[in-house]
Amino acid sequence: MSDTLRRATKAVIPAAGNATRFLPVTKAVPKELLPLIDKPVLEYIVEEAAAAGADDVLLVTARGKDTMVDYFDARPDLEAFLAEKGKDAAIEAIKAPERLAEIHAIRQGTALGLGHAVGRAAAHVGDEPFAVLLGDEFCDLGDALLPRMMDLQAETGGIVLALMEVPKEDVARWGIASVAPTGDADIVEVTGLVEKPSVDEAPSNLSLIGRYVLPGSIFPVLDATEPGSGGEIQLTDAMDTMRAKGTPVHGVIFRGKRYDTGQPTAYLQTLVELATEREDLPGFNAWLREFSATLD
Ligand code: G1P
């Protein structure tokens, strides 16, 4: 079977950034391990990959971020301690991340951009299709965005992106796609991609959110990609090169629930939202209502 007709089984999570928006805590704690109550952001991302069928996960990491890999490791010492105390629920909680996926890691070395980080996965992924999940946001598992993208990629053999409408004035923060309809309201053909365009140059207000399913043939293209926006090697540019040379590129329009953790305000909103949905935090919602009433 040709590699283009296989469904992706591997996921790559670029997680080498310095997370300057969260300094000083990110001096010592990777942003990906910031807690959403008692579970780190990264576990939600790995859950999303595993639920879509990608349970081989490569983390592209950096110096000082090895605790991300430790988090998915077994802790027989802690298990024995908890067993002695009869804390079975806690044992289940610490084993959940271990069971999710097989975790691999590679260092990015030098921070040369998202395209460079994804390129570091070449040896691990080979010529298979693979998913890329950026760590700043995760989707509600009920929305099945990634499984849908992986199914579509297995049909086309090309590139599949997740797209979302953003306010026109915000386009310079994102990769932006120009698109043509396909007859399916949720799937578009991508006719052009540009990384962080100015408002005047933007071909639409459809932004790339951090989910991609890519063919292994992108690796040599990434290698040959020159620095672009911000002086960095951009994944967007490599994908647009492939598109221009005939690789089919489709976008799945995302209309579901997305949790943003990429900057402090959004992280805090996500944290509070998740807390309100938990049944084991007695009194939190009542407190939040009372507290909100005291705000102007
Ligand atoms: C990256 C991509 C960009 C995409 C964004 C989604 O940008 O380069 O195309 O829209 O992720 O989060 P970054 O946020 O790393 O600057």
Side-chain angles (χ1 to χ4, degrees), residues 11-22 26 30-32 41-42 44-45 48-49 59-62 65 108 110-121 131-139 145-146 149 159-179 188 190-199 201-214 218 221-222 225-243 249-254 256-267 269-270:
V12 174
I13 302 181
N18 283 323
T20 50
R21 287 177 185 144
F22 285 91
T26 44
K31 174 182 73 169
E32 294 79 5
V41 170
L42 183 59
Y44 284 93
I45 315 273
E48 192 184 327
L59 304 176
V60 183
T61 74
K65 300 186 82 174
Q108 186 178 8
T110 317
L112 298 178
L114 177 60
H116 176 256
V118 172
R120 300 292 291 133
V132 173
L133 294 87
L134 303 191
D136 279 350
E137 60 195 38
F138 57 93
C139 299
L145 171 69
L146 193 59
M149 293 174 67
I159 292 172
V160 178
L161 313 165
L163 298 173
M164 201 180 79
E165 282 188 39
V166 292
K168 188 83 182 164
E169 62 273 19
D170 287 348
V171 287
R173 288 172 48 195
W174 313 96
I176 298 291
S178 51
V179 302
V188 289
V190 173
T191 55
L193 287 166
V194 48
E195 181 67 13
K196 303 196 173 79
S198 65
V199 175
E201 290 159 346
S204 79
N205 67 337
L206 282 173
S207 78
L208 275 62
I209 58 173
R211 297 293 178 274
Y212 311 79
V213 189
L214 304 168
I218 196 161
V221 182
L222 285 168
T225 300
E226 298 288 337
S229 168
E232 298 189 338
I233 298 171
Q234 296 293 351
L235 178 60
T236 304
D237 294 345
M239 294 189 300
D240 201 49
T241 301
M242 291 182 77
R243 183 202 57 75
V249 184
H250 290 90
V252 176
I253 312 278
F254 182 62
K257 175 74 192 156
R258 176 170 160 270
Y259 296 91
D260 187 356
T261 56
Q263 39 96 1
T265 305
Y267 166 75
Q269 286 165 338
T270 295

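This one's a predicted model, so the numbers in the text were calculated from it and none came from an experiment. Here, residue 1 is the first one in the sequence, and each next residue gets the next number. Read the numbers this way: they start at 1 and go in the same order the structure lists the ligands and their atoms.
- Contact annotation: for L134 versus ligand 1, heavy atoms closer than 4.0 Å belong to the side chain alone.
- Partner S207 forms a side chain to side chain contact (heavy atoms under 4.5 Å, CB included) with one of D170, V166, V171, L163 and no other, that one being V166.
- Ligand 1 has an N or O atom lying under 3.5 Å from an N or O atom of K196, backbone or side chain.
- In Q234, the part holding a heavy atom less than 4.0 Å from any atom of ligand 1 is the side chain.
- Within the 4.0 Å heavy-atom criterion, both parts of L208, backbone and side chain, lie near ligand 1.
- In this structure a side-chain-to-backbone donor-acceptor pair under 3.5 Å is present from R211 to L134.
- For the residue pair E195 and T236, a side-chain donor N or O sits within less than 3.5 Å of a side-chain acceptor on the partner.
- Ligand 1 places these atoms under 4.0 Å from at least one heavy atom of W174: 6 (C), 10 (O), 12 (O).
- Test V190, I253, I176 against L206 for side chain to side chain contact (heavy atoms under 4.5 Å, CB included) and you get one pass: I253.
- Taking the six-membered ring where the residue is Trp, Y267 and F22 present perpendicular rings, their angle passing 60° and hence far from 30°.
- Within the 3.5 Å criterion, the main-chain N or O of G210 finds a donor-acceptor partner in the side chain of E137.
- At least one N or O atom of E195, backbone or side chain, sits closer than 3.5 Å to an N or O atom of ligand 1.
- Here's the thing with G175: one of its N/O atoms is less than 3.5 angstrom from an N/O atom of ligand 1.
- N18 CG: 12 or fewer foreign heavy atoms inside a 6.0 Å radius.
- Heavy-atom separations between T236 and ligand 1 include at least one value shorter than 4.0 Å.
- Protein non-hydrogen atoms do reach within 4.0 Å of atom 12 (O) of ligand 1.
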